[in-house]
Amino acid sequence: MSKKIGFTCAYTPVPLIEAAGFSPFRIFPESKAPDQAGHLLHDNLCPHVKKVLDRALEDDLPELEGMVFINSCDSMRRLADAWHEARPDDPIVLLDLPSGINSLSLDFLSKEYKRLAKILFKWNSEPFSIKKIKNEVAKWNLLAASVKKIEDTMSKDFFPGYASGLQQIINTAATDSTDKALLMAQNKIDPEKPVKDGQSPVFVFGNLLFDPKVYDLFEEWNVHVTASDFCTTSRFVTPVDTATDDNIFRALASSYMEQTPCARTMDTAKPGDIAQKIVQRAKESNARGVIGFTLKFCDPYLARIPMIRQALQKESIPFLMLEGDCTMGSMGQQQTRIEAFTEMLGV
Amino acid sequence: MMYDHFDNAVKGITDKLNQDPEGINARKKYVLELSRLGKKLYSKDENIAWCGVTAPFDLLGSMGVTSCFVEFVGAMLSSTQTADYFFEEAEDSGFATDSCAYHRAVMGAVLKNAMPRPDFIIGTSSPCTAGLAVMENFAHQYKKDFFLLNVPQNYTQDAIKYLSAQLEEMVRFVSDHTKRPLSKQKLGIALENFNASSQLLKEIYDLAKTKPSPVDNNILKDFGTVITLLMGTQEGVDICQAFKDELNHRIKTSFNHASKEKIRLMWIQNRIQYPFPINEMLDDLGAVIVVDELNDVTWEPMDPDKPFESIAKRMISIPFSMDASERIKHLQDLAVAYRIDGAINPCHWGCRQGTGIRGLISKGFKDINVPVLNLEIDCVDSRNLAKGQIETRVEAFLEMLS
Amino acid sequence: MIFLGIDIGSLSCDAVLIDEEKNILASSVILTGAKNIESIARAKKNVLDAAGIMEKDIRSIIATGYGRARVKEKDAAVTEITCHAKGIKHVIPETRILIDIGGQDSKAMLLDPDGNVVDFAMNDKCAAGTGRFLEAMARALEVDITELGDLDKGATSDLVLSSMCTVFAESEVISLIACGTEQKEIAKGLNRSIAARTHSLVKRVAGNIDGLTVSMSGGVARNKGVVKAIAQSMNLEKINTPETPDIIGALGAAIIGFEKIHR
């Protein structure tokens with residue numbers, strides 16, 4: 001059985017984990033573990049973080065060789081803090097992730113990624129190898145390209161079951177291996193015949209939506225997901241631009257920071273750019289409306305929703321904002337809103 | 001409206017101080033200086049920068065910039081009971097009620113055009129992601145240039161170098177906007193003032209440790225965070241001196257009789273900003289908040305030869321913004337140094353940074369046998385205050401301690 | 001041809017029968033209760049009996065409301081948002097802003113001049129400001145829900161309930177009673193707090209409501225005190241309410257059935 005490294009944030013470069021000889025294991029917030037994280041942290045905390053911590057407290061995890069945490073937001077930071085209590089024997093590395101994109105930040109993050117790579121190789125008693133990292137990055141880029149192709153197909157026509165299939169591929173890359181995900185992606189590229197009627201083309205974005213079943217529900221509620229921007233979809237499979245920088249860590253840093261980043265990252269030269277990016281992606285994917293789905297208590301998204309709403313309004317793109325936790329139950333409660341939204345958009 | 005508020009405050013406090021020329025009146029002098037800062041922020045002829053909480057106000061001040069953190073305004077709107085109007089405005093425009101009310105109040109004020117228009121914005125990634133998001137909103141709303149200081153959360157050599165380099169860039173950014181270069185001499189004076197203020201703060205806090213303590217429940221309220229706005233100035237030094245004198249005077253005149261101080265408390269994070277008679281309740285029961293978490297000097301003196309490195313170290317080394325283990329260790333050290341009987345943790349609604357480790361903090365206090373009371377309360381938005389419930393909890397906690 | 005609309009909400013189950021001219025032949029409003037399948041059957045039987053029509057004469061059945069999927073014999077399910085918009089267009093055609101306060105949801109809708117929904121906003125998960133909220137408050141005030149509408153008559157103070165949460169508001173009402181606050185003042189305070197919430201929903205769909213006709217549907221529209229408080233909060237002379245506000249969703253559903261056939 002492969003040795004696994006746990007992680008929780010999309011800013012974790014999976015190629016570094018695989019180059020060191022480990023399998024990636026993204027800990028999704030899916031568990032029947034009782035709600036106890038609030039006791040260790042606080043009840044009014046991001047449900048993603050709480051559920052992941054519940055899994056740790058309940059030992060609802062495979063054997064892990066170590067954990068990679070990213071200091072991406074206050075809640076993630078708190079998760080790393082609590083992990084020391086929940087699983088004191090896990091080796092832990094916490095990366096400091098800058099909030100703004102600029103040359104100094106990219107330099108700093110490249111050093112952080114290099115530090116991560118060295119630690120991972122050390123954990124596996126493997127000699128540090130840039131060559132191995134580059135090989136894994138190349139493979140990762142193949143996966144990213146295949147995913148992009150599937151997304152392009154999705155944005156043009158509606159293929160039932162396609163969106164949830166894509167989610168399964170991405171989840172495989174997050175919890176198993178890039179190789180397996182790549183194989184699945186390549187088999188999926190030629191879809192069945194598109195269905196022409198009955199669905200409203202919608203772009204969906206937010207922080208985290210990982211369960212493939214959610215996409216089936218969307219379809220049941222007449223949504224054709226033309227593209228999505230979640231840290232469990234396109235933001236996770238970030239292509240690494242190796243052409244512009246020979247330093248692989250710098251290439252990782254600039255790619256992860258600049259390519260469709262999470263709301264917590266900002267380009268200070270263009271404040272509020274996240275809103276423009278959402279408008280742009282909605283348009284590019286031929287969507288007629290936009291659904292935002294964010295987790296309760298997610299500060300980075302909560303604070304940006306007003307400007308996203310404003311930007312979409314300016315472009316006359318209808319917008320539906322939903323809030324929930326990570327459970328399918330919370331999704332079910334959104335049925336009326338989503339159906340009313342598609343009735344409003346028309347098909 | 002806001003200018004008038006500060007102007008009236010300046011006049012009112014000045015009158016009171018004139019009536020008592022011999023008195024020390026440290027808190028009044030401090031509020032006077034903050035009101036003057038408020039007036040400057042709202043007078044349109046200053047270079048104004050809205051900033052994150054940990055921005056280097058001494059450095060900005062030495063460059064002729066009037067700067068302040070936005071939470072200061074949130075606290076003021078709450079304390080003057082004018083915040084509800086702004087909360088509603090922010091909420092109507094889509095700001096979630098789950099967000100921090102310091103920030104929600106100022107976003108409402110921005111939307112209602114009740115905030116001074118900044119010339120530029122200096123965001124800081126610490127202490128919290130929510131605060132930074134608000135700074136981005138400011139830059140977006142006002143269409144003003146935005147400089148972001150990424151404050152690393154681990155104290156390492158790389159982190160210090162990274163932040164120092166950013167501070168140098170910030171100086172270039174500010175100079176480009178004010179058309180004034182950084183004067184080494186002025187910066188030297190600001191750092192000298194900062195060091196003098198820091199030294200006095202240490203002495204003030206040492207006096208507060210005395211048993212019985214010369215502090216009452218109000219005198220050092222939210223002092224540590226807000227005094228950073230003034231520490232690079234001569235006025236800041238004078239205020240710190242006044243506080244030191246006042247505490248010394250109180251010790252000499254046995255201000256707080258041993259019999260009055262029955263329970264010594266620590267207050268974690270910030271106080272409740274709107275009028276809420278918690279201080280009176282504590283007074284009645286003989287409980288004194290002898291220490292606030294954020295009233296501490298956790299940095300080395302600034303080295304005028306290495307200003308950016310010194311400031312960078314200072315910004316990174318604030319325990320509140322570091323790992324939970326560092327923050328809890330700091331709380332434990334304070335608990336021992338001040339010989340407290342118990343701690344109150346007001347878990348400010350919407351604050352993931354401060355209250356997110358509520359459980360770990362409780363455990364940290366348990367490890368040193370200090371009882372802690374977690375109060376689920378919004379320190380800024382009074383609309384959901386369950387007054388009776390809070391009072392019962394506080395009273396029961398104090399009964400338990402006594 | 002006859003068209004049936006059924007609106008199965010959390011509190012009430014409503015049915016409306018219309019004919020070819022969209023005339024209402026019969027309508028029924030009953031409590032949903034715990035077994036909604038039985039309520040659906042009962043509401044249907046009520047309207048059929050009242051109109052003297054056989055089930056086989058029904059050309060189409062459209063179901064709406066949160067239990068719409070549970071209506072087995074439906075031809076289609078359409079959300080209550082689209083149905084209320086359709087229903088109000090039929091009875092108050094000039095409506096551009098529609099407020100619908102139901103049992104567990106309150107909604108604000110912006111309609112275009114043709115009555116199509118352009119934007120809508122719903123309350124978040126909590127029940128503050130909804131029919132359930134009023135039920136809880138009536139309980140705290142120890143009055144029947146139907147008495148609540150006139151309870152604020154003659155109130156003079158500007159008391160506002162500060163708590164937004166149903167649970168907190170209930171305990172706030174209880175403590176106001178304990179302090180000797182008059183029932184009418186509390187009722188007015190309640191209405192004001194619902195009005196503030198509802199107004200906030202409207203602001204989310206329309207920043208400026210100048211010149212737009214505002215109407216209200218749903219069972220709570222029968223509560224004069226609430227309607228008046230919302231109008232005051234929105235600075236309106238009046239808010240239009242249909243004669244039978246609780247059947248607007250079911251009426252809209254029946255009309256959608258009619259339009260599907262005649263498209």
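Below, chains carry the letters A, B, ... as their sequence lines are ordered, and counting in each starts from 1.
- In Tyr85(B), the OH atom is not crowded: 12 or fewer heavy atoms of neighbouring residues, nucleotides or ligands sit closer than 6.0 Å.
- Counting heavy-atom pairs closer than 4.5 Å to chain B, the top residue among Ala80(A), Ser99(A), Cys46(A) is Ser99(A).
- Interatomic distance, Asp74(A) CG to Cys100(B) SG, rounded to the nearest 0.5 Å: 10.5 Å.
- Contact count versus chain B (heavy atoms, under 4.5 Å) is highest, among Ala303(A), Pro306(A), Gly272(A), for Pro306(A).
- Contacts between Leu94(A) and chain B at a heavy-atom distance below 4.5 Å involve backbone atoms as well as side-chain atoms.
- Contact of Ser126(B) with chain A is not made at all, since no heavy-atom distance falls under 4.5 Å.
- Asp158(B) places no side-chain N or O within donor-acceptor distance of the main-chain N or O of Phe108(A), the cut-off being under 3.5 Å.
- Pairing each heavy atom of Arg352(B) with each of Ser75(A), the nearest pair is CG-OG, 3.6 Å.
- For Asn44(A), the parts lying near chain B are the backbone and the side chain together; criterion is any non-hydrogen pair under 4.5 Å.
- Here the CG-CD distance, from Asn102(A) to Glu169(B), works out to 6.0 Å after rounding to the nearest 0.5 Å.
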Note to self: If you apply the rule side chain to side chain contact (heavy atoms under 4.5 Å, CB included), what do you find for Asp43(A) with Arg358(B), and how did you get there?
What the structure shows: CA-CA 9 Å; Asp43(A) 301 300; Arg358(B) 177 188 66 185; 3.0 Å; yes
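- Ala133(B) and Arg304(A) get closest at one heavy-atom pair: CB-NH1, 3.2 Å.
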Notebook entry, point to check: Does the pair Thr268(A) and Phe147(B) meet the rule for a side chain to side chain contact (heavy atoms under 4.5 Å, CB included), with working shown?
Noted result: CA-CA 6 Å; Thr268(A) 46; Phe147(B) 190 89; over 6 Å; no
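- Comparing Leu302(A), Asp107(A), Leu104(A) by how many heavy-atom pairs each has under 4.5 Å with chain B, the most go to Leu104(A).
- Considering CD1 of Ile357(B) and CG of Leu79(A), their distance stands at 13.0 Å, rounded to 0.5 Å.
- In Lys114(A), the NZ atom is not crowded: 12 or fewer heavy atoms of neighbouring residues, nucleotides or ligands sit closer than 6.0 Å.
- Looking at heavy atoms from C-beta onward, His42(A) lies in side-chain contact with Cys347(B) at the 4.5 angstrom threshold.
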Note to self: Between Met266(A) and Leu132(B), is the side chain to side chain contact (heavy atoms under 4.5 Å, CB included) condition met? List the steps.
What the structure shows: CA-CA 10 Å; Met266(A) 64 194 83; Leu132(B) 183 55; 3.5 Å; yes
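- Within the model, atoms OG1 of Thr156(B) and CD of Glu112(A) stand 7.0 Å from one another, a figure rounded to the nearest 0.5 Å.
- Ranked by non-hydrogen atom pairs under 4.5 Å with chain B, the options Met321(A), Lys270(A), Met307(A) are led by Met307(A).
- Only the side chain of Gln310(A) comes within less than 4.5 Å of a heavy atom of chain B; its backbone N, CA, C and O stay farther away.
- Between chain A and the residues Glu376(B), His103(B), Gln141(B), Met135(B), the largest count of heavy-atom pairs under 4.5 Å involves Glu376(B).
- Across every non-hydrogen atom of Glu136(B) and Asp273(A), the tightest pair is OE2-N, 4.2 Å.
- The most heavy-atom pairs under 4.5 Å with chain A, out of Ile328(B), Thr129(B), Leu148(B), come from Thr129(B).
- Ranked by heavy-atom pairs shorter than 4.5 Å toward chain B, the options Leu45(A), Asn71(A), Asp81(A), Leu97(A) are led by Asp81(A).
- Counting non-hydrogen atoms of neighbouring residues, nucleotides and ligands closer than 6.0 angstrom, the NE2 atom of His39(A) reaches no more than 12 such neighbours.
- If you measure heavy-atom distances from Lys161(B) to chain A, you find no contacts under 4.5 Å at all.
- Counting heavy-atom pairs under 4.5 Å between each of Ser362(B), Pro127(B), Ala324(B), Gly356(B) and chain A puts Gly356(B) at the top.
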Margin query: For a side chain to side chain contact (heavy atoms under 4.5 Å, CB included) check, start with the C-alpha distance between Asp323(B) and Arg77(A), then their side-chain angles and the critical distance, and finish with the verdict.
Written below: CA-CA 8 Å; Asp323(B) 274 345; Arg77(A) 171 86 177 175; 2.9 Å; yes
